[in-house]
Each structure stands twice: as structure tokens, then as C-alpha cells.
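These numbers were taken from a predicted model, which means no experiment stands behind them. In the text below, chain A, chain B and the rest are named by the order of the sequence lines, each starting its count at 1.
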Amino acid sequence: MLFFFFVFSFIVIISSLSVVFSSNPVHSVLFLIFTFFNTAVIFLLFNAEFLAMTLIIVYVGAVAVLFLFVVMMLNINDSLMKEGFLKYFPFGLLLICIFFGELYMIFESNVFITPSDIRISISELVDGGMDNTKSIGLFLYTDYFIVFQISGFLLLLAMIGAIVLAHNEKINTRYNSPIDQKILNKKDVIKLN
Amino acid sequence: MIIIPEIFLSIGFLLILFITPFIKINAHVKVGYFTLLIIFLTQFFVLKDIFLFEEIFNGFFVIDSFGSFLKSIILISAGLVIYFYLIIKNEKSLLRPEFSLVILISIIGMMLMVSANNLLSLFLSMELQSLALYILVSFSREDINSSEAGVKYFVIGSLSTCIFLFGSSLIYGLVGSTDFSNISQFMSDQYSIPIMLIVGLIFILVSLSLKISAAPFHMWTPDVYQGAPTIVTTFLSTAPKVAVFAVLIRLLVFPFGEIIVDWGKIVIILSISSMIIGSLGALKQTDLKRLMAYSTINHIGFIMMGLVPGSEDGITAISIYLIFYLTMNLGAFLVILNMQRDQINVTSIKDLSGLYKNEPILAACFAVILFSMAGIPPLAGFIGKLLILNIVIDNNLFFLAIIAVLTSVIAAFYYIRLVKSIFFDPPVHDLDNFSNSQSKFLLSILSLFNLTVILYPQFFLNLCASITLSLFALK
């Protein structure tokens, strides 16, 4: 188990470094997808199969494919992007230091509560023989039912909004409406002799 | 029992959505009247449960008199906006049935916001209402300003969402729950409040200030108000403000009531800067909608002062001020909506000049509303300002009261400048006639309300006091 964890973590690190350093943007996106898959495997090793599934469905299925399309359409010139790398390097290094410092402080301090204090403990449920997906579903459709419904409304609104903002009713297309043809009177028609 | 008004509104929304594609002729008018009917019926459900107190859906929402009262105000103002939409000549791109539908779904979001009792449900309902508002702002597709305003509003709104989420994640990390009652339990158990919790609260306050356009988070307001179609601006400046104020009151006074010393200072700074920017920024504006945006910022600053003591009287004063603010704003925007030349809505201040010559009664009504906004006695705006100032002075915040009075005097200048241009300037270009009698009727009712409130202020005072009493009873 630990052996597999190290193997897959190693692959994740290598492939995410390749995302940053590969010269072709399309390769970067493909490496990103590879990273997602390996991360999903790591989740699976720790019995978090729901996270693994959502990672593959949402990130690989939707987000990364979208990235791929955008990268293909934009035709990015990477020599331009690498310009000024040295100029920004010290600033980047500073940001990395700050970020790692913050991470260290969070892990050292005990300001934030530990997972055992949380009201709903998924791990207890999992130990009791329920799997991850089932217990999330149980909470989502009972305790969190109303929140789930509101998110449904949010998605419906997003759909209506997309249609309102993008749908264009064209008036001068050459479409013949069957209803108009049927209710046409004889005297309205131009007669060609 | 449970949230019947919201459920009724949602089912009504889905029904109208279902029948909309089958209405061929004049769909926007018919859908608009259906929406009005649904809102009218919902009002009964809201008022029926006004004395109820109940926590529902595992504490995700709470039903109380305060919430029901603000819901009813939101419904009235949104209903009036839809009625304005129906009686006024709109530009062609607005004449689509989806307009009233999107307003309806945003009302659902606001009503859920008012009764939210959990950071999670609050977040989702706030998103529901703001997503609807982004769509409304960019509704007029032919107009490039509307799209620009839509993009600006969307970017700023997403930023505010991110900040809100960050703040609530910090609070969740410390407390272990997003429920308001658990948060307040955590506060009372603690000897010293962890600094991270205050940071989280500040993030949430910043996000709400962005939504309510309190300075220094106001920068989107003038652009969005100007670019959006005028009917949308009317909606934007009325109902959402009430909803966000309800959230502010519920959030600050209850779960975070223990740390009033910390957020009190922030609210004081927000209100001072809003009043100053709202009064000084409007001085040089030439567009009425931009001017109204700054006037809104000024009013928001004034209302926020009532929050500072976190007491019952303060919230009573806020509720009363909100009612008067809605009547004034709806009246002023009704005039702006009717300012049309060759069927096109014009919003420059110059276009107002000489209105008195053409439409004396209308000009008088508008003047009453403008004077009320400036806070000139004995109009409604004066009573609102008086109540809030009274609260502020009772709590020995004299510097705040002095700034408030000074900025009100500055703000009075630009309202009175409008009145001067209506009555004394020679007409430059003639506007189209204010042909529709419904808007004249509504405008005269609104201005009459502003005029006569002085005769029965006790009614509003008692009403709002009893409403707020229910809010504090559960504490």
C-alpha cells in the first residue's frame, strides 16, 4: 500500500513538473490529465472513491478537455511566454517561500479544528461499513436536501441566462413556418400568370 | 409550517417557465402579468406566517417576523418594478418573456437570503440572486453599454463571491460548523476570540459591502447603474439592498454579536466613507442614473450607521429608513424611466430642464421625492434620517453624527440642483409626453406617501419596533 502510494506520488510529481516545463502547450495539458489520473489513484488507495470519481469526471472529462480546446484554438507562441522569466524569478521565489511558510504555520499551529471535531464524520461512517459515495449521498439527500435543491435552481437559472444572452431570434432567415402557410388566404397570394 | 412562500414562488416560476414557449403573441406582457399574480399571491403566504418563529431544514433557514416583514417589502418593491416594466415603453431587446422570469428567480434568491441561518444556505441563495442580477444587467444585447456593465458587474460579483467563500472557510475551519447558532455558541464558549475568526468576519463583511455598494467597495456602482437598462437599475437599487441589509443584520447582530467592538469600527468606517463618497462623487455628474448611483451609496452609508450600536432601536430605524428609501428610489426612477425622446430613454440631467412647463403636477411630485431624498422636513426622508441620527447620538458617537449631517447638507445641494433645473431652467429639448396615466398615478401616490408620513410616524415606528422585538426575542 505504502509502496504504491510512493510510486504514484512520484509519477504525480514528475508529470506535474512536466506540465510546467514542457515546451508544447498541448503536451502540458496532456500531462495535466495524466496528473489527474494518478491523483485519482492515490485517492482510491485511501478509500476515497467518490473524490477519485469526481476528479476524473469533472477535471479530466470537462475542465482539461476545455483547456485542450482553448490551447488548440489560441495558437500560443511559447518563446514569447518565456521572455522575462529571469525578471520574474525572484518574485516567484518569494511567493513560494511565503506559501510554504504559511503551510508550515498551519500544520504547526492548532488554530483550526481537527477533523474529529466536525459534526458529521464521514470516516466513522466508512468504518461502520458504509462506503464513501453512499454516505455522502445519504447526507446530501436528507440533511442537506434544501441546499441541494437551491443548487439545482442555480443551474436552471444559469441555463436560462445562457439562452437569454446567446439565443438570437433571426427574423430574416428563409425558414417557412408551416402554420403561416396553412392559415394563408387565397387572396393574399401573388398570382403569376 | 415550512417555507411555503418560497416553495409557492418556485413552483409558480416553474409553471410560468413551462407555459412561456406556448404563448405566441405578446409573450412578455402576459408572462409579466402572470409573474405579478404569483408575487401577489405569495404576499398572502408571507403575511400569513408573519408571527411564526421556526427553524427549518436542520437550521438551514429560520422563519421569523423580521424575515417575513422584509420578504414582504422585497415582494412589494419587486412587484412594482415588474409593473413599471409593463406600463412603460421599453426598448425592443427588453421585450422578452424571460425578463420577468429572471426577476422572479432573483426574488426567490432574496427571500431565501433573508431567512438564511447557515453560511452554506446564505452563500447559495446569495449566488441565486446575484446570478439573476448579472443576467438582468446585460439583458439588452444591442446596447454595448449594457454588455459592458454586465461584464463589470459579473467580475466584481465573482470577486465578492470568492471573498465570501474564503471568509466562511476560515470560520468553518475554526468553528467546525457553518450554522449561525453553532457559531454563536462557539463565541460564548471561548475566553478570547481567535484572531482568525475576526479575519473571516472581515472577509464576509467586505463581500457584503461589495454587494451593497458601500464605499470603498462602491467602484462598480456608477458604471453598472449607468450601463444597465433603466428598468434594471430600478430593480438593482431597491430589492437587493433590502435583502443584503437583512443578511448584515442577521449575521452581525446574532452569531457575531459578541465581537461588536471589532466589527463596529469597520461598520463606522464603511458608513463614513460611503457618506463622503456618495455626497462628493455626485456633485459633478451629468447623468441622472450615475447621480442616483452616488445617491444610493450615500443612503447606504446613512443606513449602515444604524447598525453600529447593534441594538434593537438601531434595527428599527434601519427598517423604517429602508421602507422610505424604497419609496423615494422607486419614485425617482419612475420619472427617469418616463423620460423618453423619440421612444428612446434619455437620462441626462439637461433633459430634465423645463419639465415644470410641460408637466406641472409631475414636476411637483418629482420635487417632493427629491426633497425627501435630501432629508428636508417634513418629508419621509427626514424622518428616516432623524431616527438614525437619534440612535447614533444616543450611543455618544458625536463625530459620526456630525459627519452624517455635513454630508447630508452636501448631498442636498445636488438634489436641489435637480429641482432648480426642473422649475427654473428654460426647456432645451422637448421630451415625449408622459403619456401613460398609470405611471402618473403611481408617482403621485409615492410622493403623497412621502408627504404624509409625518402625520402618522408612530405607525411605522410601532410596526418596525414589534418586528425587531421578535428578532431579539430569540437571542
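Only the side chain of B:Leu14 comes within less than 4.5 Å of a heavy atom of chain A; its backbone N, CA, C and O stay farther away. Contact annotation for B:Leu17: only side-chain heavy atoms (C-beta onward) come within less than 4.5 Å of a heavy atom of chain A. Within the 4.5 angstrom heavy-atom criterion, only side-chain atoms of B:Ile108, from C-beta onward, approach chain A. For B:Leu112, the part lying near chain A is the side chain, with the backbone staying farther off; criterion is any non-hydrogen pair under 4.5 Å. Residue B:Phe13 touches chain A through its side chain alone, counting heavy-atom pairs closer than 4.5 Å. For a residue to count as touching a neighbouring chain, one of its non-hydrogen atoms must lie under 4.5 Å from one of that chain's; by this rule B:Phe61 touches chain A with the side chain only. Interface remark: B:Leu131 contributes backbone and side-chain atoms alike to the contact with chain A (heavy atom separation under 4.5 Å).
Applying a 4.5 Å heavy-atom cutoff, none of the residues of residues 55-63 of chain A approach chain B. Listed by sequence position, A:Phe153, A:Leu154, A:Leu156, A:Leu157, A:Ala158, A:Ile160, A:Gly161, A:Val164 are the residues of residues 153-164 of chain A in contact with chain B, using a 4.5 angstrom heavy-atom cutoff.
Around CZ of B:Phe166, the count of heavy atoms belonging to other residues, nucleotides or ligands within 6.0 Å does not exceed 12. No more than 12 heavy atoms of other residues, nucleotides or ligands shown are found within 6.0 angstrom of CD1 on B:Ile195. No more than 12 heavy-atom neighbours from other residues, nucleotides or ligands sit within 6.0 angstrom of CD1 on B:Ile144. Crowding of B:Phe154 atom CZ: a count of heavy atoms from other residues, nucleotides or ligands under 6.0 Å not exceeding 12.
When all heavy atoms are compared, the tightest approach of A:His167 to B:Arg141 is O-NH1, 2.7 Å. Across all their heavy atoms, A:Ser151 and B:Leu124 have their closest contact at OG-CD1, 4.1 Å.
Considering only heavy-atom pairs separated by less than 4.5 Å from chain A, the leading option among B:Ser10, B:Ser147, B:Ser125 is B:Ser10.
In this structure, A:Leu165 CG and B:Glu98 CD are separated by 10.0 Å, a value rounded to the nearest 0.5 Å. Separation of atoms CG (B:Asn58) and CD1 (A:Ile146) is listed at 10.5 Å; rounding is to 0.5 Å.
Relative orientation of the A:Tyr144 and B:Phe60 rings is perpendicular, given thresholds of 30° and 60° on the angle between their planes.
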